Amino acid sequence: MKKIIIIGGGAGGLELATDLGDKLGKSNKAQITLIDKNSYHLWKPLLHEVATGVLDEQVDNIYYSSQGQDHCFGFTQGTFTDIDRDNKLVKIIDNNNETTSLAYDFLVIAIGSTSNDFGTPGVKEHCIFLDDQNAAISLRETLISKFTSFCSIIDESETKDEDKIRIAIVGGGATGVELASELPHMVETFGACGRNKMCSDLLDVSVIEATDRILPALPEKTAESITQTLQKRGIHVLTKTMITKAESDGFYPKEGDEIKADIMIWTAGVKAPDFLKEIAGLESSRSNQLVVKPTLQTTRDDSIFVIGDCAYAMQDNGHASPPTAQAAHQMAKVCYENIVNLFNNQPMKSFKYSDKGTIISLHDTAQGVVKLGSKSEMSVKGFLALMIHRLLYRTHQASLLGIFKTIRFASASKVMYKAKASSIFTNRD
Ligand SMILES: Cc1cc2nc3c(=O)[nH]c(=O)nc-3n(C[C@H](O)[C@H](O)[C@H](O)COP(=O)(O)OP(=O)(O)OC[C@H]3O[C@@H](n4cnc5c(N)ncnc54)[C@H](O)[C@@H]3O)c2cc1C
């Protein structure tokens, strides 16, 4: 029986493992194995909600082993480190810190991306990155511990600007903006959980962007409107501010004074993990992504497919597809069809990225554009936009769990949020 290994159970990899398990695993045509360094999946676009306590990661996660049992694929927990292409082996470090090799006939690499500090001095040492669920949980703990110690010293009648909790977020893309918009709400919830001295006025949040506006993927008018929404919530939006250095107490811009900060977060861009660069002699891009043909096979090895953020898939417009969950989902579908077609000696399909639009969630509202075909688009704002944003996640969940389980998850999420908020924000002295 042919062996298919998928490395990375994220937005793209878990959908692919589920579909291939249902199609080829169930009928014993192939042995499908998913490898991930974590034991459970959490959709990455939700990380800012985990970091701010809006979402309960224990309700919204999916354990790989139980998903594998339901969908006929095996799961091995381990960290992928290398490939031996001559012998068709992948190397992983398992939970006991031992290196193991697993044999494959077809390999799919779907390990996503990590934050890119662009070599800026001090960023690695002093900033928090929102790269995975562990980082999101650790950011939440850092924020709560800061709020808790702040509570014990604050005298609200005398709070001056310099007494506030300063949070600086570098990067005005979707991640930075969505995270910033949740922070005032997080503090209000913290205050409502018995810390009544705490309110969003005690926060000083800045979103720092090097170019002349935030959210370059959105039309200028929409980005301007989102800037105003952030400003109304007391969030500073600093554009044309290129950060050249980070130190323990703040960021240094190319021009002007140091931007002081108690908590420093870096969301200024992504790259594929460094170890992927030319791994096993495969072709890679400047940001370490593995270059793929339109079939999503690597340019130098037809038995290796790459999908999601770590794939460099050039499109007809001369740009590579973007590192988004939307692209990872579309790649997973094409990769699935191509592997099934390979088994059936059918021709393979070409991956063509289709941009369906971008919606930014701003806690209790959202804003963005929905693409209507290749030429026109519609602006959406408010409740409708928020519903479309929520639907994106529920669609991902439905493709993994089916409609009925997704409805159960959605209801549990709503109920659990209140319990979660009071359990994570109380008893912290
Ligand atoms: C806060 C935030 C908000 C976002 N919002 C949106 C949005 O609204 N819309 C949108 O389209 N995109 C959004 N994105 C981007 C989106 O999350 C990613 O583009 C998408 O998750 C990429 O999917 P992927 O399958 O390539 O990788 P991921 O979903 O990142 O999955 C990678 C998987 O590989 C595993 N892994 C990594 N390294 C190894 C290793 N060495 N060995 C074994 N396993 C490994 C990880 O544990 C993970 O499970 C957002 C991202 C963030 C951080």
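When a residue number appears, it is its place in the shown sequence, counting from 1. Numbering of ligands and ligand atoms starts at 1, following listing order. Note that this is a predicted model, so its numbers are computed, not measured.
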Notebook entry, point to check: What are the atoms of ligand 1, with element, lying closer than 4.0 Å to any heavy atom of F80?
Noted result: 40 (C), 41 (N), 42 (N), 43 (C)
Next item on the list: Answer yes or no for A174: is there a heavy-atom contact with ligand 1 below 4.0 Å?
Entry: no
Next item on the list: Report the residues that fulfil salt bridge (Lys or Arg N to Asp or Glu O under 4.0 Å) with D19, sequence neighbours left out, ordered by chain and then residue number.
Entry: K333
Next item on the list: Taking only heavy atoms of N38 into account, list the atoms of ligand 1 that are under 4.0 Å away from them.
Entry: 47 (O)
Check: Short list, please: which atoms of ligand 1 are under 4.0 Å from a heavy atom of G308?
Finding: 26 (O)
Item checked: Carboxylate-amine/guanidinium proximity below 4.0 Å for D204 and K260 -> no
Item checked: Interfacing atoms of ligand 1 (cut-off 4.0 Å, heavy-atom, Y64) -> 49 (O)
Notebook entry, point to check: When only distance counts, is H48 in polar contact with ligand 1, meaning an N/O pair under 3.5 Å?
Noted result: no
Next item on the list: Please identify which atoms of ligand 1 are closer than 4.0 Å to at least one heavy atom of T79.
Entry: 41 (N), 42 (N)
Quick one: side chains of residues 218-226, donor-acceptor pairs under 3.5 Å with protein atoms, not counting sequence neighbours, listed by atom name and distance.
residue : atom : partner : partner atom : Å
E224    : OE2  : Q228    : NE2          : 3.3
S225    : OG   : Q367    : OE1          : 3.2
S225    : OG   : Q367    : NE2          : 2.7

Item checked: Per-atom contacts of ligand 1 with G9, taking only distances under 4.0 Å to non-hydrogen atoms -> 33 (C), 49 (O)
Check: Any protein heavy atom under 4.0 Å from atom 9 (N) of ligand 1?
Finding: no
Check: Is any NZ, NE, NH1 or NH2 atom of the basic residue among E182 and R140 found under 4.0 Å from an Asp or Glu carboxylate oxygen of the other?
Finding: no
Next item on the list: Please tell me if the side chains of T324 and Y353 come closer than 4.5 Å, counting only heavy atoms from C-beta onward.
Entry: yes
Item checked: Ring geometry between F275 and F80 (parallel below 30°, tilted from 30 to 60°, perpendicular above 60°) -> perpendicular
Next item on the list: Determine whether the side chain, the backbone, both or neither of P45 has a heavy atom under 4.0 Å from any heavy atom of ligand 1.
Entry: both
Check: For ligand 1, which atoms, with element, lie under 4.0 Å from some heavy atom of A328?
Finding: 23 (O)
Item checked: Short N-O contact, K293 and D302, less than 4.0 angstrom -> yes
Next item on the list: Pull out every atom of ligand 1 sitting under 4.0 Å from any heavy atom of Q326, numbered as shown with elements.
Entry: 11 (O)
Note to self: So for A327, does at least one of its heavy atoms come nearer than 4.0 angstrom to any atom of ligand 1?
What the structure shows: no
Next item on the list: With heavy atoms under 4.0 Å as the rule, classify the contact between A110 and ligand 1 as side chain, backbone, both or neither.
Entry: backbone
Check: Contact between Y393 and ligand 1, counting heavy atoms under 4.0 Å?
Finding: no
Next item on the list: Could you label the plane-to-plane angle of the W266 and F251 rings as parallel, tilted or perpendicular, counting under 30° as parallel and over 60° as perpendicular?
Entry: tilted
Notebook entry, point to check: Do the ring centers of Y64 and F73 come within less than 6.0 Å of each other?
Noted result: no
